[in-house]
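Working notes, beginning with the structure itself.
Please read these numbers as outputs of a predicted model, since none were measured by experiment.
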Amino acid sequence: QVQLVESGGGLVQPGGSLRLSCVASKNNRIAITAAGWYRQAPGSERELVARITRGGATDYADSVKGRFTISRDHSMNTIYLQMDNLTPADTAVYYCKAGTSGGINWWGQGTQVTVSS
C-alpha cells in the first residue's frame with residue numbers, strides 16, 4: 001500500500017511562486033515508476049499538469065510549460081512541483097498520483113492552490 005501526502009499549497013498573488021511536495025509512505029518492496037501532478041478546478045475535470053518517470057523523463061500540459069517544473073528524489077519517494085509565474089487560471093486543488101509498472105496507482109488527498117490579488 002502507498003500513502004501520498006501533498007503539501008505546499010496556499011494563497012499567492014499573480015506572478016508569485018509555490019512549491020508543492022508529495023511524500024510517499026510505502027512498503028520498500030513497492031517501486032514507484034511514474035508519478036504526476038494533476039489539478040481540478042471547480043466545475044472542471046481533473047487534468048494532468050506534469051508527470052515524471054523513474055528515469056527522469058518529464059511531460060507537461062501546454063498551459064504550464066515554461067512555468068512549472070516537476071522533479072523527484074532518487075527513490076521516487078518525494079515528488080515536487082515548482083510553480084512560477086502563477087496566474088488565477090492555475091487556481092485548483094492539486095493532486096499527486098504515483099504508480100507502478102504493473103498499473104497500480106495511488107492518489108493523494110490534494111492541496112489547494114489559490115492565485116488571487
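Hydrophobic clustering keeps Y80 apart from I52 (ILVMFWY residues linked when any side-chain heavy atoms are closer than 4.5 Å, directly or through intermediates). Cluster membership check: V49 does not share its hydrophobic cluster with Y95, using side-chain heavy-atom separations under 4.5 Å among Ile, Leu, Val, Met, Phe, Trp and Tyr.
One distance of note links OG1 of T69 with CZ of R19; it measures 10.5 Å at 0.5 Å rounding. For the atom pair CG (L4) and CD1 (I32), the distance works out to 6.0 Å, reported to the nearest 0.5 Å. For the atom pair CG (L20) and CZ (F68), the distance works out to 8.0 Å, reported to the nearest 0.5 Å. I30 contributes atom CD1, which lies 13.5 Å from atom CE of M76 (distance to the nearest 0.5 angstrom). Taking CZ of R46 as the start and NZ of K97 as the end, the distance is 9.5 Å to the nearest 0.5 Å. How far CG of L48 is from CG of D59: 6.5 Å, rounded to the nearest 0.5 Å.
Side-chain atoms of Q40 never come within 3.5 Å of backbone atoms of A92 as a donor-acceptor pair (strictly under, hydrogens ignored). Side chain of T91 to main chain of V115: a donor-acceptor pair is present (N/O by atom type, distance under 3.5 Å, no hydrogens or angles). Distance alone, capped at 3.5 Å, places no donor-acceptor pair between the T111 side chain and the Y94 backbone.
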Could you give the side-chain donor-acceptor pairs of residues 82-90 under 3.5 Å, partners two or more places apart or in another chain?
from : atom 1 : to  : atom 2 : distance (Å)
Q82  : NE2    : D84 : OD1    : 2.9
D84  : OD1    : S17 : OG     : 2.7
T87  : OG1    : A89 : N      : 3.3
T87  : OG1    : D90 : OD2    : 3.4
D90  : OD1    : R39 : NH1    : 2.9
D90  : OD1    : R67 : NH2    : 3.0
D90  : OD2    : R67 : NH1    : 2.8
D90  : OD2    : R67 : NH2    : 3.4
D90  : OD2    : T87 : N      : 2.9

Could you give the side-chain donor-acceptor pairs of residues 98-108 under 3.5 Å, partners two or more places apart or in another chain?
from : atom 1 : to   : atom 2 : distance (Å)
T100 : OG1    : G102 : N      : 3.3
T100 : OG1    : I104 : N      : 3.4
N105 : ND2    : G103 : O      : 3.4
W106 : NE1    : Q1   : OE1    : 2.6

ask   = Would V12 and T114 count as a side chain to side chain contact (heavy atoms under 4.5 Å, CB included) if you check the C-alpha gap in whole Å, the side-chain angles of each, and the deciding distance to 0.1 Å?
value = CA-CA 6 Å; V12 64; T114 302; over 6 Å; no

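Across every non-hydrogen atom of C22 and W37, the tightest pair is CB-CZ2, 3.6 Å. In plain terms, the two heavy atoms of V5 and Q109 that are nearest each other are CA-OE1, 3.8 Å. When all heavy atoms are compared, the tightest approach of N77 to D73 is N-OD1, 2.9 Å. The minimum heavy-atom distance between I70 and Y60, with the atom names listed, is N-OH, 2.9 Å. Summarising the geometry of V2 relative to A24, their closest heavy-atom pair is CG1-CB, 4.2 Å, with the distance given to 0.1 Å.
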